[in-house]
Number of protein chains: 2
Amino acid sequence: MKELKQRSTCSISTSLDVLGDKWTLLIVRDIVFAGKSTYGQFLQSAEKMATNILADRLALLEAQGILTKAVAADKKSKFTYRLTEKGVDIVPILVEFILWGAKHGPTIVDPGLLAELQTGKEAAVAKYQQLAREKALT
Amino acid sequence: MKELKQRSTCSISTSLDVLGDKWTLLIVRDIVFAGKSTYGQFLQSAEKMATNILADRLALLEAQGILTKAVAADKKSKFTYRLTEKGVDIVPILVEFILWGAKHGPTIVDPGLLAELQTGKEAAVAKYQQLAREKALT
DNA sequence: ATTTTTTACTTGCAATTTGCAAGCATTATA
DNA sequence: TATAATGCTTGCAAATTGCAAGTAAAAAAT
């Protein structure tokens with residue numbers, strides 16, 4: 001796992017030190033918007049993350065206190081990854097990426113989600129944050 | 001300049017295809033919050049971006065229609081980089097990175113800016129977007 | 001007029017990171 | 001007891017990054 005180095009004291013820069021790559025936020029996305037929680041589920045996403053990259057990023061996110069790793073309730077050979085409060089606080093960032101991509105990129109967004117975000121962003125953010133918190137308790 | 005490839009149709013993923021690295025958003029930050037506009041000014045930031053990386057990212061951002069490059073008003077040997085509307089729409093993303101970093105990271109944020117963002121996020125976003133638009137006209 | 005400086009890059013190369021394929025270890029199922 | 005599921009680890013080539021030096025056009029200084 002690559003070690004984290006802080007490039008400056010700027011909060012945008014330090015956020016990018018942790019989240020600034022092509023894969024990390026996709027894991028958080030999968031937890032928040034796709035209800036995923038296991039290594040195998042993350043691997044099945046459309047972007048086809050490599051197994052070593054996934055393992056590296058999960059370890060990094062855990063080390064940063066963004067998610068927790070626990071043995072699954074049903075199987076001892078399975079692990080469940082959930083968001084901490086620090087992770088739940090990433091939801092607003094994801095929402096802004098959704099809105100920017102939907103407006104300016106060649107993307108397909110669930111129309112229900114998009115409408116929800118465009119008509120009441122704060123309420124939608126709060127809703128998905130609460131859903132993530134509730135899953136973290138199971 | 002590395003070519004852009006779209007990994008999926010997810011709007012978060014396509015946004016990360018363009019903005020998901022450690023440097024790109026720092027350039028946008030420097031334009032929006034530090035009033036910078038030239039290659040030399042971007043190089044002077046605290047994070048010390050390498051010259052080849054800066055040149056690559058500026059070309060990529062221009063190719064993506066996020067910023068424009070124009071000969072400076074005072075000198076023919078100088079270029080001025082400004083945000084397009086697509087670039088101005090990145091401001092909300094930057095704001096969420098500021099808030100997340102300020103809350104969870106070891107950072108130093110201008111207290112005035114932080115208070116402004118925490119008390120009236122939407123108004124602050126609109127203000128910095130308008131400032132960027134006005135500079136783009138000069 | 002000529003040299004020096006400013007400004008914006010480009011180039012070469014070593015080091016790091018990524019991406020792909022295969023292998024391994026533990027637990028669960030047949 | 002063998003097979004499958006699950007979560008990784010390893011090896012290696014390819015791509016990207018980071019550092020230092022070099023280049024080219026325009027501006028300023030002499």
Side-chain angles (χ1 to χ4, degrees), chain A residues 1-8 13 16-27 30-31 34-64 67-82, chain B residues 1-8 13 16-27 30-31 34-64 67-82:
Chain A
M1 180 176 65
K2 74 179 173 189
E3 79 174 75
L4 184 73
K5 83 170 176 191
Q6 187 173 352
R7 293 172 296 169
S8 78
S13 170
L16 290 173
D17 288 340
V18 179
L19 306 176
D21 79 298
K22 302 229 178 294
W23 298 111
T24 303
L25 286 174
L26 293 185
I27 297 173
D30 282 350
I31 296 176
K36 296 183 180 178
S37 64
T38 68
Y39 183 91
Q41 289 176 322
F42 298 136
L43 277 185
Q44 287 159 29
S45 297
E47 295 83 11
K48 296 296 168 201
M49 189 170 350
T51 58
N52 53 345
I53 305 287
L54 175 58
D56 179 88
R57 295 304 188 279
L58 285 172
L60 198 50
L61 284 167
E62 196 190 357
Q64 289 299 311
L67 48 77
T68 57
K69 179 183 185 177
V71 174
D74 53 336
K75 287 183 182 180
K76 276 186 207 164
S77 64
K78 226 164 99 180
F79 295 100
T80 301
Y81 294 93
R82 301 288 189 201
Chain B
M1 181 175 61
K2 73 178 172 189
E3 79 176 74
L4 183 72
K5 83 171 173 191
Q6 188 174 353
R7 292 172 296 169
S8 78
S13 170
L16 291 173
D17 288 340
V18 178
L19 306 176
D21 78 300
K22 301 227 179 294
W23 299 110
T24 303
L25 285 174
L26 293 185
I27 297 173
D30 282 349
I31 295 176
K36 297 183 180 179
S37 64
T38 68
Y39 183 92
Q41 288 176 322
F42 298 136
L43 278 185
Q44 287 159 29
S45 296
E47 295 84 10
K48 296 296 168 200
M49 190 169 351
T51 58
N52 53 344
I53 304 286
L54 175 58
D56 180 87
R57 295 303 188 279
L58 285 172
L60 196 50
L61 284 168
E62 196 190 357
Q64 288 299 310
L67 48 77
T68 57
K69 180 183 184 177
V71 173
D74 53 335
K75 286 184 182 180
K76 277 188 210 164
S77 64
K78 226 164 100 179
F79 294 99
T80 300
Y81 294 93
R82 301 287 188 202

J.: Would you kindly compare A:Trp23 and A:Lys75 by the position of their nearest DNA chain C nucleotide and give the one closer to the 5′ end?
T.: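 Result: A:Trp23.
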
J.: Between atom CD1 in A:Ile53 and atom P in D:dG7, what is the gap in whole Å?
T.: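 Taking CD1 of A:Ile53 and P of D:dG7, I get 18 Å after rounding.
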
J.: Give a yes/no answer on whether the side chain of A:Lys76 brings an N or O atom under 4.0 Å of OP1 or OP2 in D:dA5.
T.: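 No, A:Lys76 has no side-chain N/O under 4.0 Å of OP1/OP2 on D:dA5.
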
J.: When you measure from the side chain of A:Lys78, which nucleotide among D:dG7, C:dC20, C:dA8 comes out closest?
T.: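 Per side-chain heavy atoms of A:Lys78, the pick is D:dG7.
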
J.: Tell me: CZ of A:Arg7 to P of D:dG18, nearest whole Å?
T.: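 Roughly 8 Å, once rounded to whole Å.
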
J.: What integer distance in Å separates B:Gln41:CD from C:dT6:P?
T.: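 After rounding, the gap between these two atoms is 15 Å.
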
J.: I need the CG-P distance between A:Asp74 and D:dT6, as an integer number of Å.
T.: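 Rounded to the whole Å, the gap is 9 Å.
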
J.: Looking at B:Lys76, I want to see if its NZ is surrounded by more than 12 non-hydrogen atoms of other residues, nucleotides or ligands under 6.0 Å.
T.: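 Incorrect, the count does not exceed 12.
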
J.: Considering every strand and a 4.0 Å limit on heavy-atom distances, what is the contact class for B:Phe42: base, sugar-phosphate, or nothing?
T.: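 Nothing, no heavy atom under 4.0 Å.
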
J.: Counting the atoms with a prime plus P, OP1 and OP2 as sugar-phosphate, which does B:Lys48 contact under 4.0 Å by heavy atoms, base, sugar-phosphate, or nothing?
T.: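 Contact class for B:Lys48: none.
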
J.: Rounding to an integer number of Å, can you tell me how far B:Leu54 CG sits from C:dT7 P?
T.: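 Between P of C:dT7 and CG of B:Leu54: 15 Å.
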
J.: CE of B:Met49 to CD of B:Gln44: how many Å apart, nearest 0.5 Å?
T.: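 One gets 11.5 Å once the value is rounded to the nearest 0.5 Å.
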
J.: Rounded to whole Å, how long is the line connecting atom CD of B:Glu47 with atom P of D:dT17?
T.: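 Taking atom P of D:dT17 as the reference, CD of B:Glu47 is at 16 Å.
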
J.: How many angstroms lie between CG in A:Leu25 and CZ in A:Arg57, if you round to the nearest 0.5 Å?
T.: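 The CG atom of A:Leu25 sits 11.0 Å away from the CZ atom of A:Arg57.
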
J.: Just the table, please: protein N/O against nucleotides 9-16 of chain D N/O, every pair under 3.5 Å.
T.:
residue: D:dT9; atom: O4; partner: A:Thr51; partner atom: OG1; Å: 2.8

J.: Within this structure, what is the CG-to-P distance between A:Leu61 and D:dC8, rounded to whole angstrom?
T.: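 Atom-to-atom, A:Leu61 to D:dC8, this comes out as 13 Å.
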
J.: Under 4.0 angstrom, heavy atoms only, what part of the nucleic acid is A:Lys22 near: base, sugar-phosphate, or nothing?
T.: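 Result for A:Lys22 = nothing.
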
J.: Whole-Å distance between C:dT17 C1' and A:Met1 CE?
T.: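 Whole-Å distance recorded here is 15 Å.
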
J.: Please identify each residue that fulfils side-chain contact (heavy atoms from CB on, under 4.5 Å) with A:Ala50, with sequence neighbours left out.
T.: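 Here the qualifying residues are A:Asn52, A:Ile53.
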
J.: Could you tell me the separation between the NZ atom of A:Lys69 and the OG1 atom of A:Thr80, rounded to the nearest 0.5 Å?
T.: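 Rounded to the nearest 0.5 Å, the NZ-OG1 separation comes to 11.0 Å.
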
J.: Are any of A:Tyr81's side-chain N or O atoms less than 4.0 Å away from OP1 or OP2 of D:dC8?
T.: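 Yes, A:Tyr81 has a side-chain N/O under 4.0 Å of OP1/OP2 on D:dC8.
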
J.: For A:Phe42, is there any backbone N or O sitting under 3.5 Å from a side-chain donor or acceptor partner on A:Lys36?
T.: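 Judged by distance alone, no pair lies under 3.5 Å.
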
J.: Is a side-chain donor or acceptor of B:Asp17 paired with a backbone partner of B:Arg7 at a separation under 3.5 angstrom?
T.: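 Here the side-chain-to-backbone pair exists.
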
